[in-house]
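Keep in mind it's a predicted model, so treat the numbers as computed, not measured. Chain identifiers are assigned alphabetically (A, B, ...) following the order of the sequence lines, protein sequences preceding nucleic acid strands; residue numbering begins at 1 within each chain.
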Amino acid sequence: MLARLFLLFTLVGVSSISLADQGEWSGYVAAEWRGFTGSPLDSEQQGDTTSVSAQAEYYREWENGKQSFRFTPFIRIDGRDTQRSHFDVRELNWTTVHQDWELTVGVGKVFWGVTESQHLVDIINQTDLVESIDGEEKLGQSMLKLSLVRDWGDIDIFILPGFRERTYPSRTGRLRTSAAVAVNHAEYGSSSGRDNIDAAVRWSQSFGDWDIGVSHFSGTSREPRFRFAVDHGRTVLIPVYDTIDQTALDLQATKDDWLWKLELISRSGFGDRYTAATGGFEYTLYGVTDGGADLGLIAEYLYDSRDSLATTAFANDVFLGARLALNDEASSELLAGIIVDIDDSSRIASIEASRRLGDDWKINLEARFFSNIDKQNFLSGFSKDDFVQLELAWYF
Amino acid sequence: MMLVKPLLLVGLIYSTTIFALSPEEKGLEIATEVDKRDTGFADSKADLVMLLKNRHGEESTRYIRLRTLEVKGDGDKSMSIFDRPRDVKGTAFLSFTHKVGSDDQWLYLPALKRVKRISSRNKSGSFMGSEFAYEDISSQEVEKYKYKYIKDDACGDSTCFVIERYPVDELSGYTRQVAWVDQKEYRPYKIVYYDRKNALLKTLTYKGYQQYLGKYWRADEMFMENHQTGKTTLLSWKNYKFGNGYTNRDFDRNSLKRAR
């Protein structure tokens with residue numbers, strides 16, 4: 001209900017703009033092919049897939065940028081997985097800026113954090129998991145965001161109505177849990193269920209070469225627990241969204257060629273209180289080739305105090321990665337990495353590469369390989385889902 | 001008053017050297033005057049088109065908007081907002097230059113809505129795939145070089161001082177730069193860059209100077225030619241505007257996230 005009120009408020013605010021004042025559209029249309037190297041774990045699961053996606057952004061500002069409106073719809077149509085085909089309003093918001101405060105009302109997207117291998121602290125938006133298993137694609141979240149700008153740092157206060165459930169592939173889709181997630185049967189830990197209004201606050205500040213953020217979130221967990229159930233004779237996973245409290249720290253020290261990073265969370269209400277952390281560094285070697293390429297070396301340790309009872313795959317893991325930026329006209333980039341589970345030696349290797357073609361086209365390559373995946377590992381459902389994905393995008 | 005005499009003595013020595021500046025002192029004096037004449041502009045904004053050409057004549061363009069805030073007693077703050085290529089549209093770069101020590105830099109990635117603090121050590125790296133390195137486009141503080149006056153030389157219709165400047169930072173991609181500065185307005189006319197092996201690397205020429213607020217000169221075009229690769233980059237500046245009333249608030253992480 002409140003979410004709808006927010007939208008109404010946004011639209012009323014926006015309708016006051018003079019129509020003569022032109023805004024601008026930008027965005028992309030992309031075609032994607034995803035090929036799997038082996039046959040699936042479950043014979044019902046599909047093979048190679050093609051899909052198309054598009055995202056547009058309408059932006060208009062007035063009063064010299066003191067007020068602005070943004071609308072960003074996104075759509076994907078997948079050739080095989082009906083649950084991967086989806087439409088989402090990533091952003092639909094109005095922002096007003098003043099000397100010591102800013103206010104955003106509507107659907108928005110917010111990122112918190114510093115590390116590369118996983119994003120523990122980032123909690124405002126729900127993960128759009130069908131888009132990518134790396135957890136970096138997010139669904140729009142309705143919000144009222146008030147930012148206070150002070151000498152001693154920035155305070156961001158969030159009121160978050162309209163909980164969004166995580167997206168999951170369908171039973172016939174790939175890159176899913178061993179038993180499919182029954183997305184239409186989600187349950188909630190608290191009596192107010194999905195109508196709970198979440199709240200969050202974050203303080204952030206830069207001290208010289210240190211950037212620090214401390215945050216607290218109180219509301220419905222973006223990450224669900226799972227409960228086994230039987231649906232039409234099939235075992236399924238019912239997502240259960242608990243009401244949690246999560247206190248977090250994100251920290252980066254930028255010391256010359258070294259970036260030292262730490263993300264730390266303490267969460268209660270999701271089973272027993274637990275702690276999880278990601279910490280490490282990125283060290284960059286500049287100008288490694290005559291063409292002036294930069295090579296970044298990344299190492300991070302992923303920790304979860306619940307150990308084998310963790311609800312993520314990364315309880316005691318190491319991430320090693322290399323990022324190569326050619327700094328050429330085509331902005332060619334490559335990120336290769338591997339996450340190794342120290343306890344059971346399960347491994348995920350990944351490659352992400354991209355370059356621009358001409359002025360308006362871009363080609364993206366993504367590949368992930370799962371090896372040595374232990375039957376008990378959280379990733380066991382992915383064990384036969386090694387894939388290579390090519391995407392060609394046209395920007396307008 | 002034991003101190004008076006030594007001070008007088010120092011004063012005497014100093015005043016005599018005015019008439020016979022060493023090449024180093026004269027070089028510093030010229031650089032200081034260049035800086036002084038460009039002090040007090042408070043803030044500016046401009047649109048920039050970068051035209052990149054390789055030795056085969058293939059071209060690509062970048063559109064960037066630039067905002068600058070002068071900071072008294074320290075280096076300038078600047079915000080660069082990328083409009084094209086379209087795949088990087090909305091990417092923004094915030095930089096606090098410092099006279100001494102490393103600069104502070106943040107990058108905003110619009111797809112993830114992520115602000116990343118980045119290392120400013122990459123001085124010699126290419127800016128957006130162009131022939132301009134980060135150190136060529138960042139705020140040119142006097143303290144970032146040592147200087148030496150070489151000679152007077154004709155440049156265009158006027159006469160230039162020719163000075164050499166040597167980067168203080170060991171991470172610079174250059175051993176030295178030779179700069180032509182016109183003697184009337186103290187504007188850079190041409191800069192020749194020598195790489196770490198002291199081999200000729202690039203030449204930058206300034207064209208079409210316009211005066212703003214009756215005082216500050218800005219070139220309409222800056223042309224960089226890389227003699228080693230045959231690549232060139234032409235910067236065309238448009239819509240310069242001064243006195244925008246910018247404050248620190250227009251150059252913080254919040255404004256970086258909103259940059260358009």
Side-chain angles (χ1 to χ4, degrees), chain A residues 24 26-28 57 59 61 64-65 68 95 97-100 102 108-114 122 125 136-138 147 149 154 204 206 208-209 211 252 254-259 282 284 286-287 290-294 325-331 354 356 358-362 393-396, chain B residues 52-54 58-62 83-91 96 101-102 104-106 108-131 133-134 171 173 196 228-229 231 233 244-245 247-250 252-255 257-260:
Chain A
E24 57 172 3
S26 59
Y28 67 84
E57 183 191 74
Y59 177 82
E61 63 175 38
N64 220 352
S68 59
T95 297
V97 180
H98 300 266
Q99 185 56 34
D100 53 5
E102 297 182 11
K109 218 165 105 172
V110 169
F111 179 86
W112 294 346
V114 291
D122 189 34
N125 291 78
E136 288 187 347
E137 300 299 326
K138 298 289 175 182
S147 303
V149 182
D154 297 344
S204 58
S206 296
D209 44 22
D211 287 41
Q252 182 176 314
T254 306
K255 301 282 185 190
D256 298 333
D257 305 338
W258 296 84
L259 309 181
E282 176 162 356
T284 305
Y286 296 107
D290 286 343
D294 299 330
L326 293 189
N327 295 322
D328 56 351
E329 293 105 281
S331 304
S354 67
R356 188 163 42 244
D359 283 335
D360 302 328
W361 295 81
K362 194 172 185 183
W394 174 70
Y395 288 81
F396 61 87
Chain B
L52 280 54
K53 243 187 230 184
N54 67 16
E58 290 161 343
E59 297 180 356
S60 57
T61 47
R62 281 113 178 75
D83 290 330
R84 285 192 203 175
R86 290 187 165 98
D87 65 296
V88 297
K89 183 180 168 60
T91 304
F96 296 176
S102 41
D104 300 325
Q105 296 177 345
W106 292 265
Y108 175 64
L109 305 168
L112 300 179
K113 305 279 162 194
R114 181 174 181 179
V115 172
K116 259 186 164 176
R117 176 78 175 261
I118 57 173
S119 167
S120 60
R121 299 280 275 185
N122 190 15
K123 293 188 184 301
S124 60
S126 159
F127 178 73
M128 297 281 288
S130 76
E131 295 315 304
Y134 283 94
L171 296 169
R196 288 197 183 111
Q228 296 182 0
T229 64
K231 292 184 187 176
T233 298
N244 301 287
T247 66
N248 284 327
R249 266 291 272 136
D250 297 298
D252 65 8
R253 283 168 303 164
N254 286 299
S255 56
K257 280 183 258 185
R258 282 187 280 106
R260 286 295 296 225

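- For the options B/R62, B/M128, B/K113, heavy-atom pairs under 4.5 Å to chain A are most numerous at B/K113.
- Only the side chain of A/T254 has a heavy atom closer than 4.5 Å to any heavy atom of chain B.
- Contacts of A/S206 with chain B are made by both backbone and side-chain atoms, with heavy-atom separations under 4.5 Å.
- If you tally non-hydrogen atom pairs under 4.5 Å between each of A/V110, A/V97, A/T284, A/D360 and chain B, the highest count goes to A/V97.
- Between B/N122 and A/D294, the closest side-chain pair of non-hydrogen atoms falls below 4.5 Å.
- By the 4.5 Å heavy-atom criterion applied to side chains, B/K231 and A/E329 are counted as neighbours.
- Heavy atoms of B/L52 lying under 4.5 Å from chain A belong exclusively to its side chain.
- Here B/D87 contributes atom CG and A/S331 contributes atom OG; the two are 6.5 Å apart, rounded to the nearest 0.5 Å.
- For chain A, the nearby parts of B/S60 are the backbone and the side chain; heavy atoms of each come within less than 4.5 Å.
- Contacts of B/T247 with chain A are made by side-chain atoms alone, with heavy-atom separations under 4.5 Å and no backbone atom involved.
- Of all the heavy atoms in B/P85 and A/R356, the pair that sits closest is CG-CZ, 3.3 Å.
- Counting heavy-atom pairs under 4.5 Å between each of A/D122, A/D256, A/D328, A/N327 and chain B puts A/D256 at the top.
- Nearest heavy atom pair, residue B/R121 against residue A/Y286, reads CB-CE1, 3.7 Å.
- For A/Q252, the part lying under 4.5 angstrom from a heavy atom of chain B is the side chain only.
- The neighbour count for A/N64 CG, taken as heavy atoms of other residues, nucleotides or ligands under 6.0 Å away, does not exceed 12.
- Contact of B/L171 with chain A is not made at all, since no heavy-atom distance falls under 4.5 Å.
- Taking the side chain as every heavy atom from C-beta outward, B/K89 and A/E24 approach each other to under 4.5 Å.
- For the side chain to side chain contact (heavy atoms under 4.5 Å, CB included) with B/R117, the qualifying choice from A/L259, A/D211, A/V114 is A/D211, the only one to do so.
- Of the atoms belonging to B/A111, it is backbone heavy atoms, and not side-chain ones, that fall under 4.5 Å from chain A.
- Considering only heavy atoms from C-beta on, B/R84 stays 4.5 Å or farther from A/D359 through its side chain.
- Looking at A/E57 and B/R260, a side-chain N of the basic residue comes within less than 4.0 Å of a carboxylate O on the acidic one, giving a salt bridge.
- For a residue to count as touching a neighbouring chain, one of its non-hydrogen atoms must lie under 4.5 Å from one of that chain's; by this rule B/D250 does not touch chain A.
- Between A/E282 and B/K116 there is no salt bridge, since no side-chain N of the basic residue sits under 4.0 Å from a carboxylate O of the acidic one.
- B/K257 contributes atom NZ, which lies 11.5 Å from atom OG1 of A/T95 (distance to the nearest 0.5 angstrom).
- Residue A/S147 holds its OG atom at 9.0 Å from CZ of B/R258, rounded to the nearest 0.5 Å.
- For A/K109, the parts sitting under 4.5 Å from any heavy atom of chain B are the backbone and the side chain alike.
- Among A/E102, A/H98, A/Q99, the single residue meeting the side-chain hydrogen bond (donor to acceptor under 3.5 Å, both in side chains) criterion with B/R249 is A/E102.
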